[in-house]
Amino acid sequence: MKKILSIMVALVTLAATAFAQSVLDTDTIKKVTNAVFEVVVEKTEDTKIEYNDELPFDRLPFNVRNDKYMSIGTAFLLTDGYFYSASHVFALYGDTIQNKYFIRDSSGKTYPVDEIITLSNRRDFISFSVPTYKQQEGQGLSVSKKYEMNSNIFSVGNALGDGVIIRNGILTSETDEDRNGEWKWLRFSAAASPGNSGGPLINDKGEVIGIVTMKSQNENLNYALPIAEIDTGKDGIGVIDSVFYYRLPNILNKKQYHNFKYTIKLPMKYPELHKTLTQAYKKSIIDVVEIMSKDYSPTSPKSFDKSKGNAEMFYHSYTTDFPYVIYLNESNVWSYGGTNTKSFDLDDNGYIDYCSLLGYVLAKVVKPDSMSLEELLKNPKIYVDYVLEGNGIYRTVAGENVTIKSLGEPTKVEQHVDFFGRTWTASYFDINFADSVLICYALPMPDGVFMVYDTCSRSTAYCETCHDIEFALDFVYTSYNAKLKNWKEFRDLPESVTGKLPDFLKDITVEYDRKHLKFSIGDISTNLPPTVIKATDETKVSVTNSFTTKNGKLQIENRSLSIYTASNSPDYKAIFIKRINKPADSAVKKTKNNWNQFLNEVSPFDGAPYNYEQYTYQDFVYFPDPANKSDPDHVYALSFELKKDMFEEIKKMSEKVVKNTQFK
C-alpha cells in the first residue's frame, strides 16, 4: 500500500510540475502580447447587388458588425524590427479586391503593410515593414533555434478572428516536408484555429521557435515552420514555388502536372509585388493550357475529330433545344453531355433551362415575348438576372441564406470568338463581399441566349476560369430552334449585337409572308407556297448541324431543316429535310448499315405512306445525282407528317416540297 501511495504522490508531483511549466509568467505574457498583431483587411460592401430580403446584419455579433476590418491572420514583431507571418495569409498573386493589408494592435489601431522584405510561399513565411508603426524600446520577440521534443510550447494568434490569445501544448515531433524533405515541419498539440496562421510558436521563455502555418486534416496536430528556415529568405530574393495538377474542364482523364516557379528581387512594395507575381502566374496558367491544348483542342492529335469514334461525330447531327458539350470521359471516349436540365418559367412565355456540367452551370434563356432579342443580347445584366431568378445564389449572414436578386451591371464585358467562329460575350460581375466574380460567356440564339457561367474567387475567375471556359466553348454543339418571327429577328440583327457570324449561320436566310416561305441553310433552299404550309410568325423551324472538313479545315456545316406547325392544330404539318453524308471507312458497322438503309431505300424510306399512332408519315430518299445511286457522296432524307389517315394529302405535299426545294 505504501508503495502504491508513493507512486501516486510522485505522479501528482510530476503533473503539478508539468502544469506549472505550461503557464507563462506575467512579464512574458505582456511581452508576447505586445509583439503579436492581427492581420486585417478592409471590409468591402456591394452597392450594386440587390437582394430579395434585407440582410440581417443586426443579428451579427456586436464586434463583427461594427468592425470595418476583417481579421484574416496573425503577424508578430521580432527584435530585428520586421514583422513576420505565414505567406498564405497574404494574397501574393491572383486578382483580388484586397490590395491593402494592415496590422492591428491590441488597442485596435491599424497600420498599413509597406514593403515585403523576405518571402517563400513553399516554406510559407513572409516578412514585411510597417514604417508607420513606432516600435517601443525593447519591443519584439527573440528567436530560439533550439527546441526539444515533448517540451511545453504555446501557440499565439488571432484565433477565429476574435483577437490574439495564447494556448499551451506540447512540441510532439518533426516531419519532413512532402516534396524533397528539404526541411522538417514542427508538429505540436497546442490548439490553432483559423486566424492563427502566421502567429508565433513560442517556448516557455517567450522565444519564437516557429511560425504557425497549417493544421493536420486527420488529427489534432498542427504545423509550424522552424524559425531557422526564415534565414533562407535573407538573400534579397523572394521565391514562389507551387506545384499542382491542372485539368481542362471537358478533358476528364488527363491532369497536367505544373510547377509555377518565380523569383523576385526584394524588398518591394506590396502592390508592386502582387502585380508582378499576378502577371507571372497568369502567364504560367496560359502556358499550361497551351500545353494541353496542343493535344486536345479541335484538330489536335487527341481531339474528338482525330480519335476513335470520330466518324460518328461527322456522320450524325442532333436536334436539341439545349446545346451539348463534347467531352472526353474517364474511359478516353468522346461523348456529348448536357441533357439533364431543369426548367424555370419566366413571364410572357419566356423560360430558362439549366444544368450543372463539368463544374459549370449551363443555361439557356428563351426570351419573353414582350422583349426584343436585341434588348436581351445587348444587356448581360438582363439575362444574368433571369438566371439568378431561376437558379439563385445566396449570401449567408448570421446563418441565414439571403437570395441575391441582381448583381447589377457587369464590371467588364468583352468578346471571344471560338474555334468555329461563333462570337460569345464574356461578362464579369463583381461579388465584392466574397472577393468573388460571376463569369459568364453568352452565345446569341434565335430565341434567346445560351450561357456557360461560374461563380468563383476573383483570382480563379481572371487567372484560370476564363481560359478553361474558352477552351470548353470550342466543344459546344448547337442546334437552332425557333419560331419564324424569332429567326427573322435574329438574322436581321446587326453585327454589333451578334458579333461576326460564322459561315454556317451566314448560310441561313429567312423570308416569309402569306404567299411563300423561303428558308435556306446553304445546301437546302426551300420556297414553299401556302398550299404546302402556311407560314406565320408562330411556325417553327429547326436547323441542325454537324462537323465536316473542307479544304483541310474542321468546320461546322448545316445538315437539316425542319419546318412544322403547332402539333395541336387541325392543319398540323411537318417537313424534315436532312443531308446524310457518306460515312468514313472507319465508321462502326451500325453507322454503315444506317447509310446503306438510305442507299437501298429500305422501309420506311421507300416512299410508302403509313400510319403510326396519331399521324400519317412518308419517308423517302432524294438522290441529288440520280445517275449515281450506288456510291454518292451524300443523299437527302425527307420525312413528312400529317394527321392520321391522310395518305393522298401527304403524297401531294411531298411532291410539292421536292418541286420547290433546291438540293446541292
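Computed over heavy atoms, backbone and side chain alike; hydrogens, waters and symmetry mates excluded. Numbers here simply count residues along the sequence, with the first being 1.
In this structure, L358 CG and L248 CG are separated by 11.0 Å, a value rounded to the nearest 0.5 Å. In this structure, OG1 in T478 is found 5.5 Å from CD1 in I556, a value given to the nearest 0.5 Å. Here CG of N486 is found 6.0 Å from CG of D447. Values are rounded to the nearest 0.5 Å. Taking CH2 of W185 as the reference point, atom OG1 of T175 lies at 10.5 Å (rounded to 0.5 Å). One distance of note links CD of Q618 with CZ of F605; it measures 11.5 Å at 0.5 Å rounding. Residue M371 holds its CE atom at 6.0 Å from CG of L376, rounded to the nearest 0.5 Å.
The number of heavy-atom neighbours closer than 6.0 Å to NZ of K506, taken from other residues, nucleotides and ligands shown, is above 12. Within 6.0 Å of the NZ atom in K592, the count of heavy atoms belonging to other residues, nucleotides or ligands exceeds 12. Counting heavy atoms of neighbouring residues, nucleotides and ligands inside a 6.0 Å radius, atom CG of D585 does not exceed 12 of them. For K412, the NZ atom counts as densely surrounded, since its 6.0 Å shell holds more than 12 non-hydrogen atoms of other residues, nucleotides or ligands. By the neighbour-count criterion of 12 heavy atoms within 6.0 Å, atom NZ of K540 is sparsely surrounded, having that number or fewer from other residues, nucleotides or ligands. Counted within 6.0 Å of CG on N628, heavy atoms from surrounding residues, nucleotides or ligands total more than 12; the atom is thus considered enclosed. Atom CG of N340 is surrounded by 12 or fewer heavy atoms from other residues, nucleotides or ligands within 6.0 Å.
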For residues 378-388, please give each side-chain donor-acceptor pair under 3.5 Å, one per line with the distance, not counting sequence neighbours.
| residue | atom | partner | partner atom | Å |
| --- | --- | --- | --- | --- |
| N379 | ND2 | E375 | O | 2.7 |
| K381 | NZ | D385 | OD2 | 2.7 |
| D385 | OD1 | S406 | OG | 2.9 |
| D385 | OD2 | S406 | OG | 3.2 |

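S479 and T544 share no donor-acceptor pair across their side chains, judged by distance under 3.5 Å alone. Using modelled atom types, one finds a donor on one side chain and an acceptor on the other under 3.5 Å when comparing S300 with S297. A side-chain donor from one of N594 and Y315 sits under 3.5 Å from a side-chain acceptor of the other. At a cut-off of 3.5 Å, with distance as the only test, no side-chain donor of Q555 or T548 sits close to an acceptor on the other residue. Side chains of Y281 and E464: a donor on one and an acceptor on the other come within 3.5 Å. In this model, a donor atom of one side chain and an acceptor atom of the other lie less than 3.5 Å apart for N332 and N253. N558 and R579 are not linked by any side-chain donor-acceptor pair at a separation below 3.5 angstrom, with hydrogens and angles left out of the test. The closest side-chain donor-acceptor pair between H316 and S546, if any, does not fall under 3.5 angstrom. The closest side-chain donor-acceptor pair between S197 and H88 falls under 3.5 angstrom. No side-chain donor-acceptor contact under 3.5 Å links N545 and Y480. Side-chain polar atoms of S639 and D619 form a donor-acceptor pair below 3.5 angstrom. No donor-acceptor contact under 3.5 angstrom links the side chains of S87 and N121, judged on distance only.
Below 30°, between 30° and 60°, or above 60°: for F420 and F547 the angle between ring planes is between 30° and 60°, a tilted geometry. Below 30°, between 30° and 60°, or above 60°: for F663 and Y636 the angle between ring planes is between 30° and 60°, a tilted geometry. Ring geometry for F260 against Y262 counts as parallel: the plane angle stays under 30°, on a 0 to 90° scale with 60° as the upper cut.
Sequence neighbours left out, the pairs with a member in residues 422-446 that pass ring-ring contact (aromatic ring centres under 6.0 Å, His included) are Y428-Y462.
Side-chain atoms of T661 do not come within 3.5 Å of backbone N or O of T526 as any donor-acceptor pair. Checking side-chain atoms of E312 against main-chain N and O of V588 turns up a donor-acceptor pair under 3.5 Å. Here the side chain of N250 pairs a donor or acceptor atom with the backbone of I326 at under 3.5 angstrom. The main-chain N or O of A434 is found under 3.5 Å from a side-chain atom of S436 such that the two form a donor-acceptor pair. One N or O on the side chain of N481 and one on the backbone of T320 form a donor-acceptor pair closer than 3.5 Å. Without hydrogens or angle criteria, S293 side chain to V289 main chain gives a donor-acceptor distance under 3.5 Å. A donor-acceptor contact shorter than 3.5 Å links the side chain of T278 to the backbone of G94. Judged by distance alone, the side chain of Y93 and the main-chain N or O of I240 form no donor-acceptor pair under 3.5 Å. Listed for the H416 side chain is no donor-acceptor partner under 3.5 Å among the backbone atoms of R422. Formation of a donor-acceptor pair under 3.5 Å by the S525 side chain with backbone atoms of S520 is not found in this model.
For the salt bridge (charged side-chain N to carboxylate O under 4.0 Å, His left out) test, no residue two or more places apart in sequence or in another chain qualifies with D124. Residues meeting the ring pair (Phe, Tyr, Trp, His ring centres under 6.0 Å) test with F90, sequence neighbours left out: Y101, F128. Qualifying side-chain hydrogen bond (donor to acceptor under 3.5 Å, both in side chains) partners for N349, counting only residues two or more places apart in sequence or in other chains: D369. Taking the ring pair (Phe, Tyr, Trp, His ring centres under 6.0 Å) definition, one finds that Y257 meets it with Y245, sequence neighbours left out.
Between F322 and Y354, the distance separating the two ring centers is not shorter than 6.0 angstrom. Taking the six-membered ring for Trp and the full ring otherwise, the centers of F304 and Y327 sit at least 6.0 Å from each other.
Electrostatic pairing of E182 and R122 counts as a salt bridge here, judged by a charged N lying under 4.0 Å from a carboxylate O. Salt-bridge check for D353 with K364: failed, with every basic side-chain N at 4.0 Å or more from each acidic carboxylate O. Taking 4.0 Å as the cut-off between side-chain N and carboxylate O, R247 and D468 do not count as a salt-bridged pair. Ion pairing between R179 and D241 holds under the 4.0 Å rule for side-chain N and carboxylate O. Under 4.0 Å is where a charged nitrogen must lie from a carboxylate oxygen, and between R559 and D523 no such pair does.
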Item to complete: Step by step, work out the ring pair (Phe, Tyr, Trp, His ring centres under 6.0 Å) result for F244 and H258.
Response: CA-CA 5 Å; F244 52 89; H258 186 61; 5.3 Å; yes
Worksheet item: Between Y351 and F344, does a ring pair (Phe, Tyr, Trp, His ring centres under 6.0 Å) hold up when you go through it step by step?
Response: CA-CA 6 Å; Y351 63 89; F344 179 83; over 10 Å; no
Practice prompt. Evaluate the salt bridge (Lys or Arg N to Asp or Glu O under 4.0 Å) criterion for residues R458 and D435: first the C-alpha distance (whole Å), next the side-chain angles of each, then the deciding distance (0.1 Å), finally the verdict.
Written response: CA-CA 6 Å; R458 192 180 308 270; D435 201 7; 2.9 Å; yes
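Between W334 and K302, the shortest heavy-atom distance links the atoms NE1-O, 3.3 Å. P444 and T423 make their closest contact through CD-O, 3.4 Å (heavy atoms, listed as atom of the first residue, atom of the second, distance). What you find for C456 and I439 is that their closest heavy atoms are SG-CG2, 4.5 Å.
Contact of the D347 side chain with the P368 side chain is not registered, since no non-hydrogen atoms from C-beta on lie closer than 4.5 Å.
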